[in-house]
Structure formats: C-alpha cells, structure tokens
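Structure, as structure tokens:
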Amino acid sequence: MAAGRGRRAEAETVTARLKHLMHRVRTGVRKSAVDYFRGDGSDWIALAGLLLTVPLIAAGTLAAPVWCSPAALVLPIVAGGLLLRPASLLGLYAAAATALIVESVRLGPYTEGGVSRVTPGVVLVVAACGFFGLLIAQFRSRVGVPWRRGGTMLFDLRERIRVQSKLPKLPKGWHQEMALRPAGGQSFSGDFVVAARTNGGRTLEVVLTDVSGKGMDAGSRALLLSGAFGGLLGSLPPHAFLPAANGYLLRQDWEEGFATSIHLVLDLDSGDYELYSAGHPPGLQLSAGSGRWEEKAAEGPLLGVYEGAQFDSVKGSLRAGDVLMLFTDGLVETAERDIAEGIDRLTGEADRYVAGGFQGAAWHLIEAVAKDVNDDRALLLICREGATAVSAPR
C-alpha cells in the first residue's frame with residue numbers, strides 16, 4: 001500500500017515537472033516571438049512567403065528558361081532585405097544559393113539559343129543584392145524600427161515639430177504669421193519656434209531658434225530642443241529662459257550642439273516688448289510713423305558654448321501699424337553676401353507689403369529673398385494693426 005502511494009507520488013512529481021517544463025518552453029517561445037518579431041508575426045509570414053517564391057522562381061527557370069531568368073532570384077532577396085531581420089535573411093539566402101546551384105546543374109553555365117543560364121554575372125548580381133540587403137537589415141535591427149513603420153514615425157516627428165511651432169491665437173488688433181522652409185526641400189528643419197501666452201494671456205512669449213547644422217541631423221536635435229524649450233517657456237521668468245536653455249544644451253554634450261535663439265516677450269495690452277538674444281540675428285521693427293526699419297539687437301553668446309552666460313535684453317514698443325520681424329540667418333546670410341546686405345534686401349522686399357498689409361507676407365518674403373538658399377530659413381512677423389505706414393526713403 002505504501003509502495004503504491006510512493007509510486008503515485010513519484011509519478012505526480014514527474015508529471016508536475018513535465019508540465020512546468022512545458023510551461024517554461026511555451027513562455028520562452030512566446031516571449032522570443034514577441035521580442036524578435038515585435039508581436040505582430042509579420043516576419044514569420046514574410047519569411048514563409050519569400051521562401052516559397054524561391055522554389056517557384058527556380059521551377060519557372062527550369063520549365064521556361066526563355067521567360068524566367070535565374071536573375072529573378074534578386075526579387076525575394078531585395079524584399080527580404082526590407083522585410084526580414086538578419087537572422088531570417090540567412091535562411092532565405094541559403095535557399096536562394098541552393099536554387100542557383102540546382103539551376104546551374106540543370107541548365108548549364110552558358111547561354112545558348114536565347115535560353116537564360118546561370119552565368120558568373122547572374123551570381124554576382126544576386127550576391128551583391130544579398131550583401132546590400134543584409135546591410136539594410138542590420139541597420140534596421142540596430143535602429144529597432146521596422147521599415148514599414150519608419151516612414152510613419154518620421155511623419156509623426158515632423159508633425160510634432162509643426163504642432164509645437166504653432167503660434168497661439170492673439171487678441172483683436174494683432175496679426176502674426178510664420179513660415180519655415182527647410183534646406184534642400186527636406187521635411188525636417190533645424191529652425192523652430194515655440195510660443196505661449198503667459199501672465200494670464202496678457203503676454204506673448206516667442207522663441208525662434210536656429211540649431212547648428214541642417215537636414216535630418218539638425219531636425220532631430222530641433223525636435224528634442226523644441227520640446228524642452230516649450231516646457232521651459234512660461235515656467236521661468238523671461239530673463240531666466242535663455243540661461244536655462246543654455247544649461248540644457250551644455251548637458252546634452254553634443255559634438256555639434258550649439259544654437260542661436262531670440263526670445264520675444266510682448267505685452268499685448270501696451271505693445272511694449274523685450275528681446276533677448278543668444279548669438280541670433282537682430283530683430284527688425286518697422287515704425288508706422290516714419291516707414292523705416294530699425295534693428296533691435298540684444299547682446300548674448302551662442303547657446304551651448306559655455307556655462308554662466310549672460311543675456312542682456314533690448315526694449316521696444318509696437319504702436320498701431322508697427323511690425324516686428326524675427327528671422328534666422330539662413331534668410332539673410334549666404335556665402336555670397338554678408339548679413340548686412342541680406343538685411344537690406346529683406347527690408348527692401350518687405351516694404352512692398354507696407355501699403356497693403358502683411359497678411360501672407362512671411363512665405364512670400366522667403367521666396368523672394370532666399371528661395372534657392374541651401375540652408376534652413378524661418379521668418380516670424382508680429383504686426384499691430386492700425387494706421388497704415390507710409391514708406392519713406394531710408
């Protein structure tokens with residue numbers, strides 16, 4: 001009796017261990033599938049589908065070599081480079097190599113009578129496509145973003161920068177507009193704007209920043225900085241914003257991490273404003289009374305260069321009909337002209353809009369002044385509506 005109970009207990013123990021082992025195996029396989037294939041199973045499906053195309057192409061080459069060339073094996077290889085991870089690609093490449101060997105044995109190594117055969121050129125083309133496909137797969141594996149979602153991710157990042165750069169609505173009597181144009185027609189710009197109405201909505205704070213570099217590299221840094229600057233704006237007194245932004249850039253420890261920035265603090269009731277600058281081109285104010293443009297240049301070093309930087313402000317006031325224009329250096333400075341000449345050209349073009357108002361002027365000014373410049377360009381206009389200015393000789 002006791003021996004029977006002992007055997008049953010031993011059998012139950014073995015059964016429990018087997019169940020525990022099976023549970024661990026199932027859990028491990030499930031976890032590996034989730035980690036490896038990101039939970040959607042699409043890589044399994046893609047691998048199975050591509051593996052099926054290899055023997056189909058080989059069969060087509062053997063059955064109708066006039067119509068189906070051995071070089072058609074590059075099609076699943078190219079698709080595999082876009083869809084599969086490096087480990088899965090090795091299995092696909094092995095299947096393609098096997099198909100080439102079978103085709104070479106059955107068809108021979110030369111071309112006769114218009115029939116496609118496996119030549120050294122075909123082997124080199126297939127091998128080259130496989131090599132570049134492996135490089136692409138390894139890059140995607142390091143980044144961790146499937147190719148199908150990479151474009152969507154970039155689109156989302158671009159839209160986030162656009163949303164963060166949206167200007168708040170101003171009260172009646174004020175007009176504002178902004179235009180951003182990246183270098184080379186790309187989607188990402190190193191220039192960005194963050195803005196907020198603070199002090200109970202009575203104050204408009206706008207920060208226009210130009211990140212060093214251009215294109216995707218500058219755009220990625222601009223995305224990070226726009227989020228950080230947007231969080232700082234309104235959370236600190238105006239005079240403390242640029243010192244805090246400078247400290248943030250220094251903590252990033254980027255190889256090319258400096259930026260220029262201009263910070264506008266505008267009282268929407270009185271029209272009085274302060275400009276803080278960090279190595280940025282000056283602001284330009286159009287006086288409705290004289291029709292002249294005046295530079296508003298504040299003092300301050302570049303952001304991200306050294307600790308303890310001081311930023312002094314310049315003050316001004318916008319009366320009825322006055323216009324304040326802020327811009328980045330890509331709009332006024334090129335290798336062929338200095339910044340002073342570029343500012344003269346910009347103000348000359350802006351004079352065309354004085355009589356009719358500046359609605360829609362920002363984008364047209366960029367087109368007129370710096371259409372083909374290979375640099376990021378940004379322009380911001382703040383207008384206090386009222387009496388129309390009359391242009392006078394400058």
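Along the sequence shown, residues carry numbers from 1.
In plain terms, the two heavy atoms of E295 and P282 that are nearest each other are OE1-CG, 3.7 Å. Listed here is the closest heavy atom pair of T209 and A259: CG2-CB, 4.1 Å.
For the pair F327/L380, no side-chain contact is recorded, criterion being any heavy-atom separation below 4.5 Å from C-beta on. When side chains are defined from C-beta on, L303 does not count as touching Y248, because their heavy atoms never get closer than 4.5 Å. The closest side-chain heavy-atom distance from H364 to Y353 is below 4.5 Å. Proximity of F192 to V211: side-chain heavy atoms (C-beta onward) are separated by under 4.5 Å at one or more points. In this structure, E205 and L264 have side chains that are not in contact, with every pair of non-hydrogen atoms separated by 4.5 Å or more. Inter-residue side-chain proximity for L365 and M325 is flagged as met; some heavy-atom pair is nearer than 4.5 Å. A heavy-atom distance below 4.5 Å is not found between the side chains of V206 and H263. The shortest side-chain heavy-atom distance between I57 and P76 falls under the 4.5 Å cut-off.
T98 contributes atom OG1, which lies 11.0 Å from atom CD of E103 (distance to the nearest 0.5 angstrom). In this structure, L208 CG and S277 OG are separated by 10.0 Å, a value rounded to the nearest 0.5 Å. I77 contributes atom CD1, which lies 9.0 Å from atom CG of L89 (distance to the nearest 0.5 angstrom). Distance check: K172 NZ to E385 CD gives 9.0 Å after rounding to the nearest 0.5 Å. Between the CG atom of L50 and the CG atom of L92 there is a distance of 5.5 Å, given to the nearest 0.5 Å. Distance check: L268 CG to T198 OG1 gives 9.0 Å after rounding to the nearest 0.5 Å.
Although no hydrogens or angles enter the test, the distance criterion places a donor-acceptor pair under 3.5 Å between the side chain of R384 and the main chain of L318. Although no hydrogens or angles enter the test, the distance criterion places no donor-acceptor pair under 3.5 Å between the side chain of D210 and the main chain of T260. Under the 3.5 Å distance criterion, the side-chain polar atoms of R319 are left unmatched by any main-chain donor or acceptor of S287. Judged by distance alone, the side chain of R221 and the main-chain N or O of S212 form a donor-acceptor pair under 3.5 Å. Judged by distance alone, with hydrogens and angles left aside, the side-chain atoms of N246 form a donor-acceptor pair with the main-chain N or O of Y306 at under 3.5 Å. R197 places a side-chain N or O within 3.5 Å of a backbone atom of K169 that can act as its donor or acceptor partner.
Taking R352 as the reference, E349 meet the salt bridge (Lys or Arg N to Asp or Glu O under 4.0 Å) condition, with sequence neighbours excluded.
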Handout entry: W174 and L266: CA distance, side-chain angles, deciding distance, side chain to side chain contact (heavy atoms under 4.5 Å, CB included) verdict
Key = CA-CA 11 Å; W174 291 95; L266 173 63; 3.8 Å; yes
Practice task
Output, in order, the C-alpha distance, side-chain angles, deciding distance and verdict of side chain to side chain contact (heavy atoms under 4.5 Å, CB included) for L204 and Q176.
Solution key: CA-CA 11 Å; L204 173 68; Q176 62 179 1; 4.2 Å; yes
Practice task
Any chance you could lay out the side chain to side chain contact (heavy atoms under 4.5 Å, CB included) test for V193 and L167, step after step, and finish with the verdict?
Solution key: CA-CA 8 Å; V193 172; L167 299 175; 3.9 Å; yes
Exercise for the section: Tell me, with the steps shown, if S261 and L242 meet side chain to side chain contact (heavy atoms under 4.5 Å, CB included). Expected result: CA-CA 8 Å; S261 192; L242 287 181; 4.1 Å; yes
Exercise for the section: Could you please spell out the steps behind the side-chain hydrogen bond (donor to acceptor under 3.5 Å, both in side chains) verdict for Y273 and Q285? Expected result: CA-CA 11 Å; Y273 67 85; Q285 179 177 347; 2.5 Å; yes
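Aromatic pair F241/F311: centroids not less than 6.0 angstrom apart.
Under the side chain to side chain contact (heavy atoms under 4.5 Å, CB included) test applied with S317, the options D267, D322, D272 reduce to a single match, D272.
More than 12 heavy atoms of other residues, nucleotides or ligands lie within 6.0 Å of CD in Q252, so this atom counts as buried by the packing criterion. For Q359, the CD atom counts as densely surrounded, since its 6.0 Å shell holds more than 12 non-hydrogen atoms of other residues, nucleotides or ligands.
Ion pairing between K296 and E294 holds under the 4.0 Å rule for side-chain N and carboxylate O.
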